[in-house]
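Report on the structure given below.
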Amino acid sequence: MYAYIDGKLAHKSPSYVVIDAGGVGYQVNISLNTYSKLGDTERCKLFTWLHVKEDAHTLYGFADEGERRLFLHLISVSGIGPNTGRMILSSITPEEIQAAIVKGDVSQIQRIKGIGPKSAQRLILELQDKLKKDGPDTLITVPVNRTVKDEAMSALVMLGFARNAVEKVLDNELNKNGGNLTVEQLIKFALKSL
């Protein structure tokens, strides 16, 4: 529902912040990773996710889009709720979490408070292939100046195609057409080849 909230940082603590956006104070739960990235800024922008339950609507905020994507992967695993996902992101960096899951490092994941051996194995089992498919740069903030190939790659990977296969097809299509394609044309040609 809310993609991000941008406003004046009215209150900051290690577990939540209050952002004044348009005269409304939004209480947003954050991880220690996000807390450390906020620093002493007066104005901040957090990427958000709204958790709706019968008795509460809770906002979770993240310093960047990559951390939010990883959080959504984590909570998709059975037995991992939003608070546990936030605990995981507070224990070690998102990059370390992703590396541990991709490598199948159960002991690294088990060091996180609240994660036992079964939960660690379930995280690896359910997320290892997804995170491998996303590629190692899934947590890197996307640059503003993106090429036609980058835009097409992002769209096709989001549709579920493997990054390696997409890259080969896109390079092939760009070479065939001399590199003079719009994003839409490139995606259409690539879909025929995938």
Side-chain angles (χ1 to χ4, degrees), residues 1-102 108-115 119-120 122-124 126-128 130-131 133-146 150-151 154-155 157-158:
M1 183 174 176
Y2 302 106
Y4 65 85
I5 295 178
D6 186 2
K8 182 181 176 215
L9 190 58
H11 175 77
K12 178 179 148 187
S13 76
S15 60
Y16 74 94
V17 295
V18 176
I19 300 176
D20 181 348
V24 177
Y26 293 93
Q27 181 173 330
V28 184
N29 292 322
I30 59 172
S31 67
L32 285 175
N33 179 61
T34 296
Y35 176 78
S36 64
K37 287 184 178 178
L38 287 177
D40 293 329
T41 58
E42 229 179 90
R43 185 169 181 83
C44 74
K45 176 180 179 178
L46 291 179
F47 294 89
T48 57
W49 179 76
L50 178 65
H51 183 229
V52 179
K53 292 192 311 186
E54 203 172 281
D55 58 345
H57 291 215
T58 311
L59 271 173
Y60 292 87
F62 311 94
D64 53 56
E65 181 63 38
E67 185 182 10
R68 179 173 65 178
R69 271 196 305 270
L70 182 58
F71 174 81
L72 293 174
H73 278 308
L74 292 171
I75 64 171
S76 73
V77 175
S78 174
I80 306 291
N83 283 326
T84 305
R86 184 170 66 144
M87 177 66 73
I88 293 169
L89 291 170
S90 294
S91 300
I92 57 178
T93 68
E95 291 79 11
E96 290 171 331
I97 295 165
Q98 184 178 14
I101 291 171
V102 168
Q108 171 80 355
I109 296 169
Q110 267 187 269
R111 289 188 203 125
I112 300 167
K113 183 181 181 217
I115 302 293
S119 294
R122 192 177 316 115
L123 270 170
I124 290 169
E126 292 187 30
L127 296 181
Q128 194 171 41
K130 287 180 188 176
L131 294 178
K133 188 169 80 172
D134 285 351
D137 60 345
T138 188
L139 298 177
I140 297 171
T141 305
V142 179
V144 176
N145 298 331
R146 294 177 56 160
D150 292 338
E151 291 284 342
S154 176
V157 168
M158 285 179 98

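Basis for what follows: all heavy atoms, side chains included, without hydrogens, waters or symmetry-related copies.
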Set of residues satisfying salt bridge (charged side-chain N to carboxylate O under 4.0 Å, His left out) with respect to Arg122, sequence neighbours excluded: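 Counting only residues at least two positions away or on another chain, Arg122 forms no salt bridge (charged side-chain N to carboxylate O under 4.0 Å, His left out).
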Distance (rounded to the nearest 0.5 Å) between [X] [atom1] and [Y] [atom2]:
X: Leu32; Y: Thr93; atom1: CG; atom2: OG1; answer: 12.5 Å
X: Arg69; Y: Lys130; atom1: CZ; atom2: NZ; answer: 14.0 Å
X: Ile88; Y: Asn33; atom1: CD1; atom2: CG; answer: 13.0 Å
X: Glu65; Y: Phe47; atom1: CD; atom2: CZ; answer: 5.5 Å
X: Leu74; Y: Glu126; atom1: CG; atom2: CD; answer: 11.0 Å
X: Lys113; Y: Ser90; atom1: NZ; atom2: OG; answer: 11.0 Å

Below 4.5 Å, heavy atoms only, C-beta onward: do [X] and [Y] meet side chain to side chain?
X: Ser76; Y: Leu127; answer: yes
X: Ser31; Y: Thr34; answer: yes
X: Leu59; Y: Leu46; answer: no
X: Ile92; Y: Gln108; answer: yes

Sequence-distant partners of Asn29, side-chain hydrogen bond (donor to acceptor under 3.5 Å, both in side chains), two or more places apart: none
side-chain hydrogen bond (donor to acceptor under 3.5 Å, both in side chains) against Thr41, all qualifying residues, sequence neighbours excluded: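 Thr41 satisfies side-chain hydrogen bond (donor to acceptor under 3.5 Å, both in side chains) with no other residue.
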Work out which heavy atom in [X] is nearest to a heavy atom in [Y]; give both atom names and the distance.
X: Pro94; Y: Glu67; value: CG-CG, 4.1 Å
X: Leu123; Y: Ile101; value: O-CG2, 4.2 Å
X: Arg86; Y: Ile30; value: CD-O, 3.2 Å
X: Lys37; Y: Ala63; value: CD-CB, 3.7 Å
X: Gly81; Y: Ile75; value: O-CG2, 3.6 Å
X: Gln128; Y: Val102; value: NE2-O, 2.8 Å

Would you find a donor on one side and an acceptor on the other, under 3.5 Å apart, between the side chain of [X] and the backbone of [Y]?
X: Arg68; Y: Thr48; value: yes
X: Ser91; Y: Met87; value: yes
X: Thr84; Y: Ile80; value: no

Acceptor/donor pairs from residues 6-24 side chains to any protein atom, 3.5 angstrom cut, sequence neighbours excluded:
residue: Lys12; atom: NZ; partner: Gly39; partner atom: O; Å: 2.3
residue: Ser13; atom: OG; partner: Tyr16; partner atom: N; Å: 3.3
residue: Ser13; atom: OG; partner: Tyr16; partner atom: O; Å: 3.0
residue: Asp20; atom: OD1; partner: Gly23; partner atom: N; Å: 3.2

Pairs where residues 76-100 contributes a residue and the test ring pair (Phe, Tyr, Trp, His ring centres under 6.0 Å) is met, not counting sequence neighbours: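 For residues 76-100, and leaving out neighbouring residues, there are no ring pair (Phe, Tyr, Trp, His ring centres under 6.0 Å) pairs at all.
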Set of residues satisfying ring pair (Phe, Tyr, Trp, His ring centres under 6.0 Å) with respect to Phe71, sequence neighbours excluded: Trp49, Tyr60, Phe62
Over 12 foreign heavy atoms within 6.0 Å of CG, Asp55: yes
